[in-house]
Amino acid sequence: MSPPLARLTIDLDAVAHNFAALKAEAGSAETAPVVKADGYGLGAIPVARRLTAEGARTFFVARLDEGTALRKALGSSPVIYVFDGCPAGAADRLRAANLRPVLNSLEQIAAYGEGGAALHVDTGMNRLGLSLEDAVALAANPALLSRIGLTLVMSHLACAGQPGHPMNAAQLARFQEVRGLFPNAPASLSSSGGIFFGPDYAFDLVRPGISLYGGGPHDDAHASIRPVVTFEAAILQVRGVKTGETIGYGATHTFEALGEVAVVAAGYADGFLRSSAGRGHAWYRGASRRLLGRLSMDLIALDVTDAGARAGDVVELIGPHCLIDDVAKATGTASYEVLTRLSTRAERVYLGEA
Ligand SMILES: *Cc1c(COP(=O)(O)O)cnc(C)c1O
């Protein structure tokens, strides 16, 4: 059997390590993993199964269908919240799969009826959630409140990736007001970033996503968070290039000296952004090497001058030497997008499956 030309390794032991690190940071608050978008592209079901074995009891997804699939895989015990809430027509399907919506508006509250739900109150992000005025009106209607069966009141930080941003303290103050309106419900404010803002931001439950998957909580590598994903691809061909020659579509890179190029079996169809042209790096034979020219759908060119490169050798494109936060910076995006763009073409290997 020939070895695969490209392999995505997802280290669930590292996910478990990151879960423990986030739990330690969150103190007595419950740590409830966010596994939306198929676990940030890494596989919601294997991730959630392993985290269940690590003691997670509550999960968050974005879409109803994600929740339905997760319920089927995990069985009846964990609590599963759906961030989308209860759009028109969703109430019966939510109840049938024993999913709890995160209700985002008075319309959704009316559409849901009863059965247990979280409430999302906007504290400044202006994305989902009731306005503060609507929350005040709801709090003054105990009959409606008890019909919903409120199990959590939450909000979301707009600047969780930027510890010094004044928006964080402003949202914290507003959320404390919100909590006062619903004193009997557990409260939740923080995603990965906010978990590292100290105990004031922890409340009763935290909702980490990206840092479970190896992204730093503040868009940079963090000492307590381990990389989860490794993407390796094989060198298909090594070629010598002469001064003045160019490489790739658009002939965007011109060699200023003799050199050697490795052509690697990965490309934008695997999820590597074309915008990393001229800025990205890969790791090979103990050193960081430049990506050269535009990457193609299936191929990436790497400067391996004087490295003694050979066809068949393996290059690391994401991993412990090419952290997702650094790959993101080189491409002008965020670690979240690096992960969720990884395609299913490469062979996937899970380490530490529960
Ligand atoms: C995606 C999301 C999270 C998780 O955020 P991370 O930055 O990935 O930790 C938490 N809460 C809400 C409402 C979200 O949409």
Side-chain angles (χ1 to χ4, degrees), residues 15 18-19 21-23 25-26 29-42 44 47-48 51 56 58-64 66-67 70 79-86 99-105 108 117-130 151-163 165 167-168 171-172 174-175 178 186-197 201-222 224-229 324-325 328 333-341:
V15 174
N18 294 338
F19 179 66
L22 291 160
K23 261 174 76 161
E25 205 62 44
E30 181 182 353
T31 299
V34 177
V35 296
K36 63 192 178 187
D38 198 23
Y40 291 41
L42 303 187
V47 165
L51 290 177
T58 304
F59 293 91
F60 289 87
V61 296
R63 302 271 123 84
L64 174 54
E66 295 173 352
L70 196 62
V79 173
I80 302 174
Y81 285 106
V82 180
F83 286 136
D84 281 352
C86 185
L99 305 172
R100 289 188 196 162
V102 178
L103 299 171
N104 292 303
S105 66
Q108 288 199 350
L119 184 70
H120 191 163
V121 181
D122 181 63
T123 50
M125 189 174 186
N126 272 316
R127 202 172 63 170
L128 292 172
L130 271 74
T151 54
L152 185 72
V153 59
M154 59 164 268
S155 193
H156 192 47
L157 295 170
C159 303
Q162 297 146 269
H165 202 292
M167 191 73 179
N168 293 313
Q171 285 193 268
L172 175 63
R174 255 174 254 148
F175 190 64
V178 171
S188 173
L189 178 63
S190 286
S191 52
S192 299
I195 293 171
F196 291 86
F197 290 169
Y201 285 80
F203 293 92
D204 303 303
L205 180 148
V206 295
R207 312 183 308 269
I210 192 67
S211 290
L212 290 170
Y213 306 106
H218 305 138
D219 302 329
D220 273 311
H222 189 281
S224 59
I225 300 301
R226 272 193 205 158
V228 168
V229 172
I324 55 174
D325 287 296
T333 184
S335 54
Y336 302 75
E337 197 180 11
V338 171
L339 292 184
T340 54
R341 276 183 184 270

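None of the values given here were measured: they were computed from a predicted structure. Counting starts at 1 for both ligands and their atoms, in listed order.
Ranking the protein heavy atoms by distance from atom 11 (N) of ligand 1 puts R207 NE, 3.0 Å first. Scanning the protein heavy atoms around atom 5 (O) of ligand 1, the nearest turns out to be S191 CB, 3.3 Å. For atom 9 (O) of ligand 1, the closest heavy atom belonging to the protein is S192 OG, 2.6 Å.
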Steps toward ring pair (Phe, Tyr, Trp, His ring centres under 6.0 Å) verdict (F197, H218): CA-CA 10 Å; F197 290 169; H218 305 138; 5.4 Å; yes

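For ligand 1, the polar-atom distance check finds no N/O of F83 at less than 3.5 Å from any of the ligand's N/O atoms.
For F83 and H120, the ring centers are positioned 6.0 Å apart or more.
Only the side chain of H156 comes within contact range of ligand 1, with a heavy atom under 4.0 Å; no backbone atom does. The side chain of K36, and not its backbone, has at least one atom closer than 4.0 Å to an atom of ligand 1 (non-hydrogen atoms only; side chain from C-beta on).
Using a distance-only test at 3.5 Å, with no hydrogens or angles considered, a donor-acceptor pair links the side chain of N18 to the main chain of L212.
Heavy atoms of R127 approach ligand 1 to within less than 4.0 angstrom. Proximity of F60 to ligand 1 is not established, as no heavy-atom distance is less than 4.0 Å.
Side-chain contact, R207 with S188: a donor N or O sits under 3.5 Å from an acceptor N or O. When only modelled atom types and interatomic distance are considered, Y81 and T151 share a side-chain donor-acceptor pair under 3.5 Å. Under the 3.5 Å distance criterion, with hydrogens and angles disregarded, a donor-acceptor pair is assigned to the side chains of T58 and E30.
When each atom of ligand 1 is checked for a heavy atom of P208 under 4.0 Å away, the hits are 9 (O). Listed by number with element, the atoms of ligand 1 under 4.0 Å from a non-hydrogen atom of Y40 are 1 (C), 4 (C), 5 (O), 6 (P), 8 (O). In the vicinity of Y336, heavy-atom distances shorter than 4.0 Å reach the ligand 1 atoms 6 (P), 7 (O), 8 (O).
F60 places none of its side-chain heavy atoms less than 4.5 Å from the side chain of L70.
F175 pairs by the ring-ring contact (aromatic ring centres under 6.0 Å, His included) definition with F203, not counting sequence neighbours.
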